[in-house]
Amino acid sequence: MTQPSLGIEVHQNKFLAEGDRSMTAIVRVVSRGGEGTAAHSAAEVLMIDCSSSMRFPSTKIGEARRAAAAAIEVLPDGVRFAVIQGTEHATVIYPAGDGLVTASEHTRAEARAAVERLVAVGGTAMGAWLTKARELFEREPDAVRHAILLTDGRNDSQTRAALMTVLNSCEGRFVCDARGIGDGWEPAELTQIGRVLRGNVDSVVEDDRLADDFRHLVESALTKVLPEVRLRIGTMPFSRLRSVKQVFPDEYDLTDRCQEVAVRELELSLGSFANEETRDYQLILDLDPDLEPSHGQDRQLAWTELVPLPGAAAGEDALPIAGRWTHDPIPPTLVHPMVSKYAAQADLGEALTAGGDAYAAGDQAEAERYWGRAVALATAASDDETLGRLSGVVEIVDAEKGVVRLRSDATRSHALHVVIPSRVSEIALPQEDRPMSDASPVACPTCPALSPAGANFCVGCGRPFGEAVS
């Protein structure tokens, strides 16, 4: 098997008008060539929420078992793997001993039998699950390490600060995709997990689709051949990095994940890469207000390069991010198409989030206004995926004008399915450092389900509680 070579491209409009003191550029990271798969050097850990809320409805834990079995079934021979039962503790239900086990027909059958015995009882401490996954992965230092975390509730058995501490200790150690099921989970928590661990975050509205989703996540992870790729960003004495955001294929604000490695040099872990893969990152630079414009010639404002890593062929030289001032205003037609595309994508994300916030607050008119704007933006961009998600919460009256009506049968699960793709572009900082384990669950008056403290909707039947109950 040959490893891919890595390359970078810088896409920008280098022209600046008089008085402009910021520059936006898109840095594209590409892996090229390479043969074979990572199956012989891959490690996979499944973390399945088995808290008591997974009992309601009764199909939820059953579909979680089926999804875990589906993920196990597609593991090729030679992959190292384990399954964690997640409650307020992290229990490795397979294999029986310490560490990971090698996938084979025999071990896959044993693992499927183990997940069939999963029961829903206990609390939720995602930090404990992630800590256990990190410990397991530490025994596989040369493997491409990937995990899947499934939850239906909030991280109610530890503080948000504690979860963030765990995430910081796991960053760069493995990639983790996170999935929310039902309507009792917290978008900010899963967003933080996906952002720090460079994974994909999404929700599953229909429980019976979970198995196919798990199967796809594992198959996608098995295409990765480089455990980690790192990007280095350098600035000039007159420039500084305002923000860096991954904008394709997933959106994450990664500004606070940059590590200073030298004077005016930052490094950012991009996670694992496949043989043929492309990712785009938006960099915004702020320039010194006293910087003397250079007319008629390019001035280097910053530079970027890939950090050489073991196992990858030599990359390309560092590429400059340049600027050239002009006395004339910059016409809109000169804006680089990639820059304008991702600016429009950010506008769409803001509309989706604002609509979700209004919906959660019970403001129907504002939800329709923001989600109507989202429909118009998605229609203009031919974004069928976003329109499909929005169809779960609104009826589209006029797509181009953004006229919509809230669906009477929409649930919080549908709303989360709309909001979560936009939330990954935000920095979900911990809102408060408080233990949540002492809060009592909320009992639904119309079904047996127990919902997390503070829930506005029943996790079982979707019935609104009215005002939040604590």
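Quick note: residue numbers are just sequence positions, from 1.
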Discussion item. Please report the interatomic distance CD(Glu305) to CZ(Arg232), rounded to the nearest 0.5 Å.
Written reply: 5.5 Å

Worksheet item: Distance-only, no hydrogens or angles: does the Ser413 side chain make a donor-acceptor pair with backbone N or O of Gly182 under 3.5 Å?
Response: yes

Worksheet item: Quick one: ring-ring contact (aromatic ring centres under 6.0 Å, His included) partners of Phe137, sequence neighbours excluded?
Response: Phe174

Response to the item:
Residues passing the salt bridge (Lys or Arg N to Asp or Glu O under 4.0 Å) test with Glu88, sequence neighbours excluded, are none

Practice prompt. Using a strict cut-off of less than 4.0 Å between a Lys/Arg side-chain nitrogen and an Asp/Glu carboxylate oxygen, indicate whether Arg173 and Glu138 qualify as a salt bridge.
Written response: yes

Item to complete: Please determine if Glu44 and Arg80 form a salt bridge, counting it only when a charged side-chain N lies under 4.0 Å from a carboxylate O.
Response: no

Item to complete: Please identify each residue that fulfils side chain to side chain contact (heavy atoms under 4.5 Å, CB included) with Gln345, with sequence neighbours left out.
Response: Val247, Glu251, Tyr342

Discussion item. Using a 6.0 Å distance limit plus a 45 degree cone around the ring axis, check whether Arg209 lies over the aromatic ring of Phe214.
Written reply: no

Discussion item. Salt bridge or not between Glu171 and Arg198? Use side-chain N to carboxylate O under 4.0 Å.
Written reply: yes

Item to complete: Write out all pairs satisfying salt bridge (Lys or Arg N to Asp or Glu O under 4.0 Å) with one or both partners inside residues 96-111, taking only residues at least two apart or from two chains.
Response: Asp77-Arg108

Fill in: Under 3.5 Å: donor-acceptor pair, side chain of Thr255, backbone of Val244
yes

Worksheet item: Can you name the salt bridge (Lys or Arg N to Asp or Glu O under 4.0 Å) partners of Asp347, sequence neighbours left out?
Response: none

Practice prompt. Could I get the full list of side-chain hydrogen bond (donor to acceptor under 3.5 Å, both in side chains) partners for Asp363, not counting sequence neighbours?
Written response: none

Worksheet entry | Asp208: partners by side chain to side chain contact (heavy atoms under 4.5 Å, CB included), with sequence neighbours left out | Glu63, Arg66, Glu206

Worksheet item: Asn168: what forms a side-chain hydrogen bond (donor to acceptor under 3.5 Å, both in side chains) with it, not counting sequence neighbours?
Response: Arg257

Worksheet entry | Partner residues of His216 under the ring-ring contact (aromatic ring centres under 6.0 Å, His included) criterion, sequence neighbours left out | none

Item to complete: Run the numbers on Trp371 and Leu406 for side-chain contact (heavy atoms from CB on, under 4.5 Å), then give the verdict.
Response: CA-CA 9 Å; Trp371 278 341; Leu406 279 180; 3.7 Å; yes

Practice prompt. Mind checking side chain to side chain contact (heavy atoms under 4.5 Å, CB included) for Thr304 and listing every partner two or more places apart, or none if nothing turns up?
Written response: Ile8, Val10, Val27, Leu231, Ile233

Practice prompt. Can you sort out the partners of Trp129 under ring-ring contact (aromatic ring centres under 6.0 Å, His included), two or more places apart, ordered by chain and number?
Written response: none

Fill in: Sidechain N-carboxylate O distance under 4.0 Å for Arg154, Asp156
no

Fill in: Salt-bridge contact Asp253-Lys245 (side-chain N to carboxylate O under 4.0 Å)
no

Discussion item. Around atom CZ of Arg407, are there more than 12 heavy atoms from other residues, nucleotides or ligands closer than 6.0 Å?
Written reply: yes

Practice prompt. Output every pair passing salt bridge (Lys or Arg N to Asp or Glu O under 4.0 Å) with a member in residues 374-390, not counting sequence neighbours, ordered by first then second residue.
Written response: Asp202-Arg389, Glu385-Arg389

Worksheet entry | salt_bridge(Asp256, Arg195) N-O dist < 4.0 Å | yes

